2 protein chains.
Amino acid sequence: MAKLDGIKEIKIADDVFAALAHPMRRQILLSIHHRGTAKAGDIAARFDCTWPTTSRHLATLVESGLLSAKKQGRERIYSANSDLLSDLLHRWAAHFE
Amino acid sequence: MAKLDGIKEIKIADDVFAALAHPMRRQILLSIHHRGTAKAGDIAARFDCTWPTTSRHLATLVESGLLSAKKQGRERIYSANSDLLSDLLHRWAAHFE
DNA sequence: ATATTATTTAGCTATCTTGCTAATTATTTT
DNA sequence: AAAATAATTAGCAAGATAGCTAAATAATAT
């Protein structure tokens, strides 16, 4: 569990909880975590909305730190930063115990 | 850790994560949890916005299930449903481990 | 070089959220 | 009964979010 100072913690909480507030983003995140990695197209194919909409949700998740993206040829490979999320959730849960 | 069926779980996650997405609501929640209970006025006094704004955040938190309210005379006493939150956060963290 | 494929960015509209002030409800005090 | 107190609800404007289609970028294949 990484040590973080207060300000950074607040900023992360802000971005992460905002990212988690959308159901499709939560599903995307779970999906990528379980698959290990996924191309944008894999995700776009799995959801019932247009590719640009998916693309923006992916960007939001990357912005929040919950996903990482790397370009590979013309594809973009996303992977979940699961530790960041599970650490944050545990830290917040701990506040309420 | 309460047993919940899938649909209910999704509904709760939706409401709870949306409620947590606002920094003031997170602070309100922490504040009430630590104090045990608080009157609306206690909370309103602690934050740098108008009472109606606070009141709406409180209503959002109640709606999400994260707070409970009971009327006592002309005051309204709020308390945090900490278990609901910590259970949900642990369950979500577990998905990413 | 051209066409195709993978994906994002731009631009638009509709809806949701947040904050405010003013008005209202409910309860207690005088 | 009137005034005061605690809190919410109504109504509005500003800003954010989410979805879409169309256009752009970047890389590969022909």
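Within every chain, numbering begins at 1; the chains are lettered A, B, ... in the order of the sequence lines, protein sequences first and strands thereafter. Quick caveat, the model's predicted, so the values are computed rather than measured.
Arg26(A) meets the salt bridge (Lys or Arg N to Asp or Glu O under 4.0 Å) test with Asp14(B); sequence neighbours excluded. With sequence neighbours left out, the salt bridge (Lys or Arg N to Asp or Glu O under 4.0 Å) criterion links Asp83(B) to no other residue. Contacts of Gln72(A) classified as side-chain hydrogen bond (donor to acceptor under 3.5 Å, both in side chains), with partners at least two apart in sequence or in another chain: none. Remark: Arg35(B) engages Asp42(B) in a salt bridge (Lys or Arg N to Asp or Glu O under 4.0 Å) (not counting sequence neighbours).
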Would Leu88(A) and Phe17(A) satisfy side chain to side chain contact (heavy atoms under 4.5 Å, CB included), going step by step from the backbone distance to the final call?
-> CA-CA 10 Å; Leu88(A) 181 78; Phe17(A) 284 122; 4.3 Å; yes
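A heavy atom lying under 4.0 Å from DNA chain C marks the following residues of residues 32-47 of chain A, by number: Lys39(A), Ala40(A), Gly41(A).
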Sugar-phosphate means primed atoms, P, OP1 and OP2; the rest is base. With that split, encode nucleotides 19-30 of chain C 5' to 3' as B, S or - using protein heavy atoms under 4.0 Å.
-> BBBB---SBSS-
Check residues 48-56 of chain A and write down every donor-acceptor pair under 3.5 Å in which the side-chain atom is one partner and the other belongs to a residue at least two apart or another chain.
residue  : atom : partner  : partner atom : Å
Thr50(A) : OG1  : Thr53(A) : OG1          : 3.1
Thr54(A) : OG1  : Thr50(A) : O            : 3.3

Would you mind writing out the side-chain donor-acceptor pairs for residues 61-71 of chain A within the sub-3.5 Å range, not counting sequence neighbours?
residue  : atom : partner  : partner atom : Å
Ser64(A) : OG   : Leu61(A) : O            : 2.7
Ser64(A) : OG   : Leu66(A) : N            : 3.2
Ser68(A) : OG   : Asn81(A) : OD1          : 3.0
Ser68(A) : OG   : Asn81(A) : ND2          : 3.1

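Per the geometry, CD1 belonging to Ile28(B) stands 11 Å off P belonging to dT18(C), to the nearest Å.
Contacts classified as ring pair (Phe, Tyr, Trp, His ring centres under 6.0 Å) and involving residues 18-49 of chain A (residues at least two apart or in different chains) are given here: His22(A)-His57(A), His33(A)-Phe96(B).
Counting 5' to 3', DNA chain D first comes under 4.0 angstrom of a heavy atom of chain B and last does so at the ends given by dA4(D) to dT9(D).
In terms of modelled atom types and a separation under 3.5 Å, the side chain of Arg25(A) and the main chain of Ala19(A) share a donor-acceptor contact. Remark: side-chain polar atoms of Arg46(B) are not paired, donor with acceptor, to backbone N or O of Ile28(B) under 3.5 angstrom.
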